[in-house]
2 protein chains.
Amino acid sequence: MALPNGPVTASSEAEAVLFDLVDVYDRAYEAAAAELSLSPAQACVLGRLDERRGMGGLAEELGCDASNITQIVVRLEALGLVTREPNPRDRRARLVARTPRGDEINHRFATAFTFARTAVGRLSPDEQDQLTALLRKALG
Amino acid sequence: MALPNGPVTASSEAEAVLFDLVDVYDRAYEAAAAELSLSPAQACVLGRLDERRGMGGLAEELGCDASNITQIVVRLEALGLVTREPNPRDRRARLVARTPRGDEINHRFATAFTFARTAVGRLSPDEQDQLTALLRKALG
DNA sequence: ACAGTTATTTGAGTGAATCAAGTAATTCCT
DNA sequence: AGGAATTACTTGATTCACTCAAATAACTGT
């Protein structure tokens, strides 16, 4: 379990509850991935392969080094969850795509990761709108 | 930069903005730690040493294996940010405490991690209360 | 065709995390 | 009091995420 990105000092209740939310979210994500024997990073990459795409695009979207993606994809490939085919348009590049089994695991992950759904579901539609508006404003 | 604990599918706007929040929060935490050449885990542990305490308590609070704490504390000790003294009451145990330099770095970290403060600060006091109430309800 | 750029991989290194096993000191039981 | 069980922590082995620097190959523009 990853250590929480904890509150050193929470100077308001809103900050404290924000931290709680982040911590619970992150742990739920990790737990859902673990149910399927995936690391959070693997679940993340798998979840972004709805269409086949290149390594570079993944690295850019996820804000990490390309070699990090290489490793994660190699492991997903070893698990039989993705394939890496040469890109016919550009022979330097590779196209990553989920296998059928990858689709299934990804779907099961989406089902297992209920946290956001459940949390939002505790709110009425009006409250959901309010929350959305408040968080958007808070995010700037 | 850690990969985001991404949304596989966001079935509502509230869920999507929740994910955004978590992602931005986590990245800000990591960035603040990096400014002080700390890993997120190191910043986390350092932030929980307002009073001297044992390794076991840290492990329990942070929900990880004790040996993980040992490693992190060893590194913090090597950086001169914490000390590990034998517990006079129980010679099996060790008491971890921040050094003055640890206090300073921890304080600078708290200053550098502005995200929660800033985000909440964009809201009026009323809105902050609303947000707190909504998130509490969502957390169940 | 040649130089420069781009896509990806490889290799080396750090750190987080877990598990299993070990050590030492405490507690509990009779 | 004495021995067994428990507790607190460390060590060692392993896996994975992550970064950086360097290598390889293939593309692009002139």
Side-chain angles (χ1 to χ4, degrees), chain A residues 1-6 26-27 29-31 33-34 36-46 48 52-79 81-97, chain B residues 1-6 26-27 29-31 33-34 36-46 48 52-79 81-97:
Chain A
M1 196 85 76
L3 261 46
N5 286 340
D26 284 340
R27 286 177 192 271
Y29 192 91
E30 194 167 344
L36 298 160
S37 305
L38 296 177
S39 67
Q42 288 167 352
C44 172
V45 168
L46 198 61
R48 286 168 200 254
R52 76 150 54 152
R53 58 191 299 197
M55 312 283 293
L58 282 166
E60 192 175 1
E61 180 177 334
L62 299 175
C64 72
D65 196 272
S67 60
N68 193 19
I69 299 295
T70 297
Q71 283 188 98
I72 293 166
V73 167
V74 163
R75 286 181 196 122
L76 287 172
E77 197 180 26
L79 293 170
L81 304 181
V82 306
T83 56
R84 255 185 323 173
E85 297 159 19
N87 183 339
R89 293 195 174 295
D90 182 344
R91 299 205 315 277
R92 292 169 300 182
R94 308 262 214 134
L95 291 172
V96 189
Chain B
M1 198 82 78
L3 260 48
N5 286 340
D26 284 340
R27 286 178 191 271
Y29 192 92
E30 194 165 343
L36 298 161
S37 304
L38 296 177
S39 68
Q42 288 167 353
C44 171
V45 169
L46 198 60
R48 285 166 201 256
R52 76 153 51 156
R53 58 192 297 197
M55 312 283 294
L58 282 165
E60 192 177 359
E61 179 176 333
L62 298 175
C64 72
D65 195 272
S67 61
N68 193 19
I69 299 294
T70 296
Q71 281 190 104
I72 294 166
V73 167
V74 163
R75 286 181 195 122
L76 287 173
E77 197 180 26
L79 293 170
L81 304 181
V82 306
T83 56
R84 253 187 323 174
E85 296 158 21
N87 184 338
R89 293 193 173 296
D90 182 343
R91 300 208 313 278
R92 291 169 300 182
R94 307 264 213 132
L95 290 173
V96 190

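Chain A is the first sequence line, chain B the second, and so forth, proteins listed ahead of strands; every chain is numbered from 1.
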For B:Leu79 and B:Gln42: C-alpha separation, side-chain torsions, deciding distance, then whether side-chain contact (heavy atoms from CB on, under 4.5 Å) applies. CA-CA 11 Å; B:Leu79 293 170; B:Gln42 288 167 353; 4.3 Å; yes
Could you tell me which residues satisfy salt bridge (charged side-chain N to carboxylate O under 4.0 Å, His left out) with A:Arg75, sequence neighbours excluded, listed by chain and number? none
DNA chain C-proximal residues of residues 87-97 of chain B, any heavy atom under 4.0 Å: B:Asp90, B:Arg91, B:Arg92
List the residues meeting salt bridge (charged side-chain N to carboxylate O under 4.0 Å, His left out) with A:Arg84, not counting sequence neighbours, and say none if there are none. A:Glu77
It should be established whether A:Thr70 places a side-chain nitrogen or oxygen under 4.0 Å from OP1 or OP2 of nucleotide C:dT9. yes
Go through the structure and list residues passing side chain to side chain contact (heavy atoms under 4.5 Å, CB included) with B:Ala41, not counting sequence neighbours. A:Leu3, B:Ser39, B:Ile72
My understanding is that only residues two or more places apart in sequence, or in another chain, count here; which of them pass side chain to side chain contact (heavy atoms under 4.5 Å, CB included) with A:Leu58? A:Val45, A:Arg48, A:Leu49, A:Arg53, A:Ile69
Is there a donor and acceptor pair closer than 3.5 Å between the side chain of A:Ser67 and the base of D:dC20? yes
Could I get the full list of salt bridge (charged side-chain N to carboxylate O under 4.0 Å, His left out) partners for B:Asp90, not counting sequence neighbours? B:Arg92
Where along residues 52-61 of chain A does a heavy atom come under 4.0 Å from DNA chain D, residue by residue in number order? none
Separation of D:dC16 atom P from A:Gln42 atom CD, nearest Å, is 7 Å
Of all residues at least two apart in sequence or in a different chain, which pass the side chain to side chain contact (heavy atoms under 4.5 Å, CB included) check with B:Ser67? B:Asp65
Taking five pairs at each terminus, the helix from C:dA1-D:dT30 to C:dT30-D:dA1 shows an axis bend, to 10°, of 20°
Kindly point out which of C:dT18, D:dC20, C:dA16 is positioned nearest to the side chain of B:Cys64? C:dT18
Can you list everything that forms a side chain to side chain contact (heavy atoms under 4.5 Å, CB included) with A:Ala97? Sequence neighbours excluded, please. A:Arg52, A:Thr83
Please give, in whole Å, the distance from D:dT15 C1' to B:Asn68 CG? 13 Å
Heavy-atom distance under 4.5 Å between the side chains of A:Leu81 and A:Leu38, does that happen here? yes
If you only use heavy atoms from C-beta on, which nucleotide in D:dT19, D:dT10, D:dA17 is closest to the side chain of B:Arg84? D:dT10
For B:Arg91, what residues pass the salt bridge (charged side-chain N to carboxylate O under 4.0 Å, His left out) criterion, not counting sequence neighbours? none
Taking the minimum atom-to-atom distance to the side chain of B:Asp65, which one of C:dC19, D:dC18, C:dA16 wins? C:dC19
